[in-house]
Amino acid sequence: KQTLNNETVVQLDHALASHFKKVTSFYYEQFLRKRNKSLFELSTNLHSIYDTVDVLERFYRTMKLLYPAFHYRFLMSHEYEDTELPIYMMDHNDKESLGTKAFMSNVLEIEKRSSTNETVLFVPLAGKQGVYGVLEIIVPHYYHLIDDEINFLSHASEMIGRAVERTTLYQSSNRLINDLQNINTASRDFNQNLDRAEISEKVKKHIVNSCDADEIGLVFISQNKNGGDQLLITEQSTNYFQLNQAQDFVQFLYDRLKEKPEPIFSGNFRQDQLLLPYKSMMVMPMLNSEKLFGFIIITHEKPYHFSFEQYKFVQSFVQHASLAYANSILKDKLRKTAITDYLTKLYMRNFLDEQIDSHMQTSKGGRFILLDVDDFKLINDHYGHYVGD
């Protein structure tokens, strides 16, 4: 058997270490070239992309190609639908989460999970105007993350954050343009001398198209015979608001608006006294000269369904609708004033003439009865016209 002396073993150890160091450096330099090339190509391609999900998808594919052993999740401030990407809503209420801390502070956070021997990075996706989400990277136990890779991941996330900001602003601009067009269309509809029922149909159509609501309730406030407030849910409201169980919900909202006539915007509405099948809710008061005359209720069963942009659009839209309703109410009052006597509230002669003309054109016969009070002049002359009236 051959024996090796200590000096030979040491020399062999140095030779092998030098060899493996060179081999490792060679492959790592190849990886760096591949990584830089991939990042450059991604950066170049992102300039022609105007969809946020497309940006995240390309970034996700690039990262899985470079670091296939890592696991990724996007924790975003907005919800994105119709995608197979691991995109989740950021839980802003969980203040202890490092993901939330990274989002709020715009600083990369690192967590060591001893139970699974994993390293988790929370990298903010930030642009110049704000943070739009956090990239969560789970590094398995058999991989040692060096500073160079942490810096790369941070740099790549900054690039994606700027791209997300650009696409978000682009999509927001398109949405604003579309909202303005919808408001202009609605304004033209409202200026067609419509009655209240026709306006309500237009309002329902535009709101459904703009925010995909499950239910819409249009409620007006009038006075009953005793002078108290009476809530009228219009026929144009959707099915839920035609049910008896909706009455308590409408009354609850009215009591709240009467105390404070400001819009209500809730993504997870809860009320112990009310059993509601809806979580997302927008309630828009309709005011005329600062006086509440009605309100519009918009609901969806899914929590956080309505975005803040949709809320702002509906708020602006309802202001136009309120003016149209106010004009309609004023028109009805003017018409009623033109055909009724101010004192007795009975119909006047011009209304009588209209009814007779219509009756003579559509009916074969009829009766006309005239009542007269004899010597009423004596009442006026003796007691005065005020008592006569």
Side-chain angles (χ1 to χ4, degrees), residues 28-81 83-92 94-113 116 118-172:
Y28 186 63
E29 286 175 5
Q30 278 193 329
F31 170 75
L32 289 180
R33 283 195 291 270
K34 176 184 176 182
R35 191 179 71 176
N36 293 336
K37 181 182 177 182
S38 298
L39 189 64
F40 176 76
E41 290 176 351
L42 177 63
S43 175
T44 303
N45 293 333
L46 289 181
H47 288 290
S48 59
I49 298 175
Y50 298 95
D51 181 72
T52 303
V53 174
D54 199 3
V55 168
L56 297 178
E57 185 175 359
R58 288 171 184 260
F59 181 53
Y60 180 77
R61 288 206 307 262
T62 301
M63 297 306 297
K64 290 297 289 184
L65 186 66
L66 294 175
Y67 297 96
F70 293 3
H71 301 286
Y72 306 90
R73 288 202 316 164
F74 294 102
L75 308 177
M76 306 300 291
S77 57
H78 289 82
E79 190 172 20
Y80 298 92
E81 298 180 350
T83 177
E84 296 180 356
L85 290 177
I87 299 179
Y88 300 87
M89 275 285 291
M90 173 72 68
D91 186 3
H92 299 284
D94 187 3
K95 303 298 183 183
E96 300 302 317
S97 167
L98 288 182
T100 305
K101 290 182 179 179
F103 180 83
M104 299 298 292
S105 64
N106 191 18
V107 175
L108 184 146
E109 298 282 350
I110 300 178
E111 178 185 3
K112 299 286 187 179
R113 294 177 179 172
T116 56
E118 294 174 333
T119 301
V120 185
L121 279 71
F122 298 93
V123 191
L125 302 176
K128 292 183 178 180
Q129 297 187 10
V131 181
Y132 299 89
V134 171
L135 174 63
E136 180 186 277
I137 307 172
I138 301 176
V139 182
H141 64 278
Y142 56 83
Y143 192 96
H144 175 65
L145 204 63
I146 62 176
D147 291 341
D148 173 68
E149 288 169 323
I150 293 177
N151 293 333
F152 167 78
L153 294 171
S154 180
H155 176 69
S157 298
E158 286 179 12
M159 182 185 73
I160 297 305
R162 290 193 294 269
V164 168
E165 181 174 72
R166 180 175 54 79
T167 56
T168 300
L169 292 175
Y170 174 80
Q171 291 169 330
S172 178

Rounded to the nearest 0.5 Å, what's the gap from [atom1] on [X] to [atom2] on [Y]? Could you check?
| X | Y | atom1 | atom2 | result |
| --- | --- | --- | --- | --- |
| Glu111 | Thr119 | CD | OG1 | 9.5 Å |
| Leu65 | Ser38 | CG | OG | 5.5 Å |
| Leu46 | Arg166 | CG | CZ | 7.0 Å |
| Ser97 | Met104 | OG | CE | 12.0 Å |
| Leu42 | Phe59 | CG | CZ | 7.5 Å |
| Ile160 | Leu125 | CD1 | CG | 8.0 Å |

Side chain to side chain contact (heavy atoms under 4.5 Å, CB included) against [X], all qualifying residues, sequence neighbours excluded:
| X | result |
| --- | --- |
| Asp148 | Tyr28, Leu32, Arg35, Ile146 |
| His78 | Tyr80, Glu309 |
| Glu41 | Lys37 |
| Arg61 | Glu57, Arg58 |

Next item on the list: Output every pair passing salt bridge (charged side-chain N to carboxylate O under 4.0 Å, His left out) with a member in residues 101-110, not counting sequence neighbours, ordered by first then second residue.
Entry: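 Non-adjacent pairs meeting salt bridge (charged side-chain N to carboxylate O under 4.0 Å, His left out): zero.
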Do [X] and [Y] touch side chain to side chain, with heavy atoms closer than 4.5 Å?
| X | Y | answer |
| --- | --- | --- |
| Tyr72 | Tyr60 | yes |
| Met76 | Leu56 | yes |
| Met63 | Leu153 | yes |
| Val139 | Leu121 | yes |

Apply ring pair (Phe, Tyr, Trp, His ring centres under 6.0 Å) to [X] and list each qualifying residue two or more places apart in sequence or on a separate chain.
| X | answer |
| --- | --- |
| Tyr50 | Tyr170 |
| Phe103 | His92 |
| Phe70 | Tyr67, Tyr143 |

Next item on the list: Might you point out which heavy atoms bring Pro124 and Val107 nearest each other, and give the distance in Å?
Entry: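 It is CG-N, 3.6 Å.
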Check: Between Met159 and Ser43, which heavy-atom pair has the shortest distance, and what is it?
Finding: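 Nearest heavy atoms, Met159 then Ser43: SD-CB, 3.4 Å.
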Run the side-chain hydrogen bond (donor to acceptor under 3.5 Å, both in side chains) test against [X] and tell me which residues pass, sequence neighbours left out.
| X | value |
| --- | --- |
| Ser157 | none |
| Asn151 | none |
| Glu118 | Thr116 |

Note to self: When you measure from the side chain of Thr168 to the backbone of Val164, do you find a donor-acceptor pair of N or O atoms at a distance under 3.5 Å?
What the structure shows: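 Indeed, once roles are kept as given, a pair shorter than 3.5 Å links the two residues.
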Please output the side-chain donor-acceptor pairs of residues 127-137 that fall under 3.5 Å, not counting sequence neighbours, one pair per line with the distance.
residue	atom	partner	partner atom	Å
Tyr132	OH	Glu165	OE2	2.8
Glu136	OE1	Arg73	NH2	3.3
Glu136	OE2	Arg73	NE	3.0

Margin query: Does either side chain, that of Gln171 or that of Thr52, offer a donor lying less than 3.5 Å from an acceptor on the other one?
Written below: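 On atom types as modelled, these side chains qualify, holding a pair under 3.5 Å.
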